[in-house]
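Heavy-atom basis, side chains included; hydrogens, waters and symmetry copies ignored. Within every chain, numbering begins at 1; the chains are lettered A, B, ... in the order of the sequence lines, protein sequences first and strands thereafter.
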Amino acid sequence: MQEANGAHTNFIWEIIRQDLDAGRCSQVHTRLPPEPNGWLHIGHAKNIYVNAGAALAFGGLLNLRFDDTNPTKEEQAFVDGIQNDIRWLGYEWNGGLFFGSSYFPQCYELAEKLILGGKAYVCDLPQEEMRQMRGTLTAPGQNSPYRDRSVEENLDLFRRMRAGEFANGARVLRAKIDMASPNINMRDPALYRILHLSHHQTGDAWCIYPMYDFAHPIQDAIEGITHSMCSLEYEDHRPLYNWVIEACEFPNHPRQIEYARLNLTRTIMSKRYLRKLVEEGYVAGWDDPRMPTLAGMRRRGYTPEAIRDFVERAGVAKADSVVELALLEHCVREHLGTVAARAMVVLRPLKVTLTNWPEGQTDTLTLENHPDHPEMGERQVAFGKQLYIEQEDFLIDPPKKFFRLFPGGEVRLKGAYIIRCDEVIQDADGNPVELKCTVDLSRKSGSEGAARKVKGTLHWVSAADAVPFEARLYEPLLNDEAAVEEDAEGAENTAIDKKDFIARLNPESLTTVQGFLEPSLAQA
RNA sequence: UGGGGUGUCGCCAAGCGGUAAGGCACGGGACUUUGACUCCCGCAUUCGUAGGUUCGAAUCCUGCCACCCCAGCCA
């Protein structure tokens with residue numbers, strides 16, 4: 001990983017460095033707080049990079065903490081999958097593994113402490129009325145009629161909430177802050193809600209669950225987190241985060257720093273829509289290679305190194321942005337170019353018959369697995385009278401700078417011979433279906449004569465030995481440039497209609513062609 | 001119309017009063033048994049905008065404009 005003073009740094013690490021220099025903290029301690037309600041995608045890779053990277057850059061600690069305060073949406077299966085993906089990406093939680101739910105007892109104690117201090121109260125307002133009394137963006141809210149209950153009554157009610165005496169939604173514990181605050185998050189936000197639901201970690205031990213705004217700062221403070229990085233939409237929550245830390249009288253004060261989340265062109269990054277793709281069968285699953293999930297990218301052959309490099313190069317800042325897919329692809333190509341063994345594959349085959357090659361003869365050629373890494377070895381590839389080349393590598397009527405094959409033209413077959421196209425056999429529509437070529441037997445690859453220059457080199461596969469396969473051409477799922485904005489994940493949110501979303505799907509994203517693999521790839 | 005943010009090359013992004021880094025993309029050239037890779041070269045007299053301060057501003061001040069986020073008992 002990078003040193004903090006290395007080539008890559010960002011505004012967050014600058015802030016941390018200043019905190020270190022000023023003595024506001026001695027060891028950096030960050031946390032990764034995924035909610036176990038889905039699969040990790042490329043956007044999460046940035047969050048991992050920012051939080052884990054900060055710890056790495058300053059020799060600090062990273063905690064992995066599942067933010068599981070809402071049993072409605074969370075599952076054990078996701079906590080396993082998430083750990084797997086984080087490890088695959090190449091990160092370890094050297095500070096330990098935690099669950100937000102294991103702090104439920106402390107959260108509860110702190111809630112009582114707030115009640116005792118007159119800083120929280122139990123509110124009986126139904127959700128709808130509470131919403132109305134909250135005011136609007138421009139109009140201040142109204143105090144709840146339950147706001148001035150006595151400490152004794154609040155304590156009694158809260159304990160009875162915990163004891164399970166009330167139904168879901170009947171009451172809520174609220175922070176007593178300021179209903180007229182211009183920041184809506186400070187208008188007596190809910191701290192605890194009643195949810196008679198069993199939790200994947202705590203079972204039926206609780207029927208009240210703390211809200212994110214209450215639980216998160218507590219978790220950070222208890223774990224001794226020094227810097228808590230999250231995305232921009234939490235900026236408005238920072239005053240509340242700080243309020244909780246102070247109201248609970250923690251001696252340490254973790255610092256929340258926000259940055260812009262990652263958006264990618266032509267890529268859906270909203271769990272809501274990713275789920276729709278899976279559930280409605282547009283893709284085979286969360287790990288479908290077209291999915292922007294880490295699992296999908298893994299199946300697609302993307303490497304962790306390439307993804308980390310990409311996230312780092314995309315940068316960390318506060319301006320909303322949409323990074324071009326081209327950068328990701330560049331990073332993947334760059335890394336794969338250095339580590340991947342070469343092999344030949346023909347996706348859309350065009351038959352080539354070598355008229356002067358002895359009938360029935362098959363030669364075995366030796367090709368290097370990597371042009372720059374001899375230590376990666378060589379492989380044997382069959383060469384015969386009948387070959388397949390890529391359809392797009394041949395043109396009957398080539399433009400001026402066409403370097404590949406055309407009638408009368410010559411081309412080199414990678415690692416083999418130079419051939420000349422003598423005749424084109426076309427179908428009724430004029431499409432080439434087979435080429436009759438002569439091979440220059442005196443100029444086999446590697447021999448003296450091979451030094452002769454020809455304009456192009458093509459990959460190929462022996463027709464008799466190649467392994468047929470059905471190739472799916474995976475393309476980004478979206479047609480247009482923009483990323484689909486993350487929408488509220490509310491259960492009944494129908495803001496973007498389904499037709500609109502489907503219309504944006506890229507029809508090229510799942511084209512099937514009948515291709516041929518080099519035999520060495522058959523088992524892969 | 002309230003509050004919180006952000007605006008620097010097609011896309012990201014440095015810059016923090018001293019006269020516009022870098023990457024991707026793109027264009028040109030060299031090299032090449034993958035037109036890949038690699039390698040050179042080019043690519044913002046200008047920093048949302050209008051003023052002001054200053055010897056000097058993307059950086060300070062003022063006004064305006066644009067975009068994003070916030071009214072969950074989601075995170």
Verify the ring-centre separation between [Y] and [X]: is it less than 6.0 angstrom?
X	Y	answer
A:Y212	A:H216	yes
A:Y259	A:W13	no
A:Y209	A:F104	yes
A:Y108	A:F158	yes
A:Y302	A:H335	no

Inset, instruction - Tell me, yes or no, whether the heavy-atom count around A:Q142 atom CD, taken from other residues, nucleotides or ligands under 6.0 Å, exceeds 12. - result: no
Legend entry - Side chain A:H237 and base B:rA75 donor-acceptor under 3.5 Å: yes
Legend entry - B:rG3 base / A:D236 side chain donor-acceptor hit below 3.5 Å: yes
Just call it for [X]: base, sugar-phosphate, or nothing, with non-hydrogen atoms closer than 4.0 Å on any strand.
X	answer
A:Y192	nothing
A:Y209	nothing
A:M211	sugar-phosphate

Say we look at [N] and [M]: how far apart would their [atom1] atoms be, to the nearest angstrom?
N	M	atom1	result
B:rU6	B:rU59	P	15 Å
B:rG15	B:rU53	P	29 Å
B:rC39	B:rA25	P	13 Å
B:rA14	B:rU46	C1'	16 Å
B:rG51	B:rG22	C1'	33 Å
B:rC67	B:rC60	C1'	25 Å
B:rC70	B:rC74	P	16 Å
B:rA44	B:rC11	C1'	14 Å

Inset, instruction - Under 4.0 Å from any atom of RNA chain B, heavy atoms only: list the residues of residues 366-382 of chain A that qualify, in numerical order. - result: none
Just name whichever nucleotide pairs with [N], Watson-Crick or G-U, keeping both distances under 3.5 Å, else none.
N	answer
B:rC43	none
B:rU6	B:rA66
B:rC31	none
B:rA14	none
B:rA36	none

Quick one: is [N] close enough that its OP1 or OP2 comes under 4.0 Å of any side-chain N or O from [X]?
X	N	result
A:T69	B:rA75	yes
A:R134	B:rG72	yes
A:R187	B:rG72	no
A:R193	B:rA75	yes
A:H330	B:rC24	yes

Which of the following nucleotides, [options], is nearest to the side chain of [X]?
X	options	answer
A:E324	B:rG10, B:rG7, B:rG4	B:rG10
A:A314	B:rG2, B:rG35, B:rC12	B:rC12
A:I184	B:rC70, B:rU33, B:rC12	B:rC70
A:R333	B:rC73, B:rA25, B:rU34	B:rA25
A:A319	B:rG7, B:rG35, B:rC69	B:rG7
A:L327	B:rG2, B:rC24, B:rA75	B:rC24
A:E235	B:rG35, B:rG2, B:rG5	B:rG5
A:R131	B:rC68, B:rC70, B:rG72	B:rG72

Nearest-Å distance for atom pair [atom1]/[atom2], residues [X] and [N]:
X	N	atom1	atom2	result
A:N47	B:rA75	CG	P	16 Å
A:H8	B:rA13	NE2	C1'	10 Å
A:K318	B:rA14	NZ	P	12 Å
A:R174	B:rG72	CZ	P	11 Å
A:Y146	B:rC73	OH	P	16 Å
A:I257	B:rU6	CD1	P	14 Å
A:L458	B:rU32	CG	C1'	15 Å

Inset, instruction - Could you tell me whether B:rG42 is syn or anti, where syn means a glycosidic angle within 90 degrees of zero? - result: anti
Inset, instruction - Could you tell me whether a side-chain N or O of A:S231 sits under 3.5 Å from a main-chain N or O of A:E233, the two making a donor and an acceptor? - result: no
Inset, instruction - Take A:A139 and A:A343, find for each the nucleotide of RNA chain B with the closest heavy atom, and name the residue whose nucleotide sits nearer the 5' end. - result: A:A139
Legend entry - Polar side chain donor-acceptor pair, A:R379 to A:N369, under 3.5 angstrom: yes
Inset, instruction - State plainly whether the residues A:E392 and A:R348 are in salt-bridge range, i.e. N to O under 4.0 Å. - result: no
Inset, instruction - Before accepting this row, confirm whether a basic side-chain N of the pair A:D440/A:R420 lies closer than 4.0 Å to the acidic partner's carboxylate O. - result: no
Inset, instruction - Please confirm whether A:R149 makes a cation-pi placement over A:Y121, using NZ or CZ under 6.0 Å from the six-membered ring centre and within 45° of the ring normal. - result: no
